[in-house]
Amino acid sequence: MAKSYEEMGGECTYFGKPHKAHFEACIRQLGLPREKVAHVGDSLHHDVAGANASNIDSVFVAGGVHREDLGTDLGSVPDRTSLDELFAAEGQTPTHVVPLLKMN
């Protein structure tokens with residue numbers, strides 16, 4: 001909707017992932033030094049890109065939305081070549097990779 005509005009000449013303010021302002025607001029709310037903060041997520045476009053733009057660490061969950069791109073089974077660690085190819089194709093590289101995130 002925002003894109004259509006902009007194409008008609010309107011102006012939009014974006015807030016949320018992957019926009020830097022969203023990440024910066026969260027860092028301020030946490031009240032922690034940037035080097036003590038990491039963003040965890042499964043999307044290179046939304047999670048890792050936003051963390052990279054805000055210069056904070058990112059934990060990429062490989063078993064999420066990019067699992068099929070990586071050709072791995074749920075919970076399996078992708079091989080380094082597959083990861084590097086995906087990161088290059090998406091133009092985003094996280095600081096850390098985990099196969100899955102599970103909350104008890």
Side-chain angles (χ1 to χ4, degrees):
M1 183 182 308
K3 183 176 176 166
S4 295
Y5 183 68
E6 287 175 327
E7 288 171 354
M8 293 186 292
E11 186 176 315
C12 295
T13 299
Y14 291 89
F15 191 82
K17 298 186 303 185
H19 303 287
K20 184 176 179 178
H22 167 79
F23 285 81
E24 293 296 328
C26 292
I27 293 166
R28 281 192 305 277
Q29 285 290 316
L30 288 170
L32 295 171
R34 187 174 303 278
E35 59 274 5
K36 298 278 187 182
V37 176
H39 181 80
V40 179
D42 68 343
S43 169
L44 292 170
H45 174 71
H46 295 100
D47 299 306
V48 175
N52 287 346
S54 294
N55 198 31
I56 61 172
D57 284 354
S58 57
V59 181
F60 172 63
V61 181
V65 298
H66 293 288
R67 184 172 61 86
E68 289 184 12
D69 299 329
L70 292 166
T72 58
D73 294 326
L74 190 60
S76 297
V77 178
D79 64 81
R80 185 61 194 224
T81 300
S82 296
L83 288 168
D84 288 342
E85 288 173 357
L86 178 63
F87 300 157
E90 295 291 325
Q92 298 296 332
T93 301
T95 52
H96 308 283
V97 176
V98 296
L100 194 62
L101 180 65
K102 181 179 177 184
M103 304 275 297
N104 289 331

>> Show me the pairs that pass salt bridge (charged side-chain N to carboxylate O under 4.0 Å, His left out) and involve residues 90-104, at least two apart or across chains.
In response: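 The answer is none; no pair qualifies.
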Once salt bridge (charged side-chain N to carboxylate O under 4.0 Å, His left out) is applied, what residue pairs with a partner in residues 36-46 remain, sequence neighbours excluded?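 Found none.
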**Message:** Please determine whether residues L83 and V77 belong to a single hydrophobic cluster, defined as Ile, Leu, Val, Met, Phe, Trp and Tyr linked transitively by side-chain heavy-atom distances below 4.5 Å.
**Reply:**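 No: no chain of side-chain contacts under 4.5 Å links L83 to V77.
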Using distance only, find each side-chain donor-acceptor pair of residues 53-60 under 3.5 Å and give its atom names and separation, not counting sequence neighbours.
unit_1, atom_1, unit_2, atom_2, d
S54, OG, E24, OE2, 3.4
S54, OG, G50, O, 3.4
S58, OG, T95, N, 3.2

Does D69 have any salt bridge (charged side-chain N to carboxylate O under 4.0 Å, His left out) partners at least two apart in sequence or in another chain, and if so, which?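 None.
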For R80, which residues count as a salt bridge (charged side-chain N to carboxylate O under 4.0 Å, His left out) partner, sequence neighbours excluded?
->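 Here the qualifying residues are D84.
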Q) Take atom CD in E7; do more than 12 heavy atoms of anything else shown fall under 6.0 Å from it? A)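 Atom CD in E7 is packed in, count exceeds 12.
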- Message: Could you check whether atom CD of E35 has more than 12 heavy atoms from other residues, nucleotides or ligands sitting under 6.0 Å from it?
- Response: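 Result for CD/E35: enclosed.
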For [X] and [Y], work out which heavy atoms get closest and say how close.
| X | Y | answer |
| --- | --- | --- |
| E11 | Y5 | N-CE2, 3.4 Å |
| L44 | P94 | CD2-CD, 4.3 Å |
| V97 | A62 | CG1-CB, 4.1 Å |
| N52 | Q92 | ND2-OE1, 2.8 Å |

Review point. Can you name the side chain to side chain contact (heavy atoms under 4.5 Å, CB included) partners of P18, sequence neighbours left out?
Key: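 Partners of P18 by the side chain to side chain contact (heavy atoms under 4.5 Å, CB included) criterion, ordered by chain and then number, come out as H45, H46, A49.
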### Message
Run the side chain to side chain contact (heavy atoms under 4.5 Å, CB included) test against S82 and tell me which residues pass, sequence neighbours left out.
### Response
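If we apply the side chain to side chain contact (heavy atoms under 4.5 Å, CB included) test to S82, skipping adjacent residues, the hits are L70, D79.
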| said: Which Ile, Leu, Val, Met, Phe, Trp or Tyr residues join L74 in one cluster when any pair of side-chain heavy atoms under 4.5 Å counts as a link? | reply: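 Its cluster partners, ordered by chain and number, are L100.
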Q.
List the residues meeting side-chain hydrogen bond (donor to acceptor under 3.5 Å, both in side chains) with E85, not counting sequence neighbours, and say none if there are none.
A.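 Residues passing side-chain hydrogen bond (donor to acceptor under 3.5 Å, both in side chains) with E85: none at all.
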**Sidechain-backbone polar pair: R67 side chain, D73 backbone, donor-acceptor under 3.5 Å** =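 Checking the backbone N and O of D73 against the side chain of R67, no donor-acceptor pair under 3.5 Å is found.
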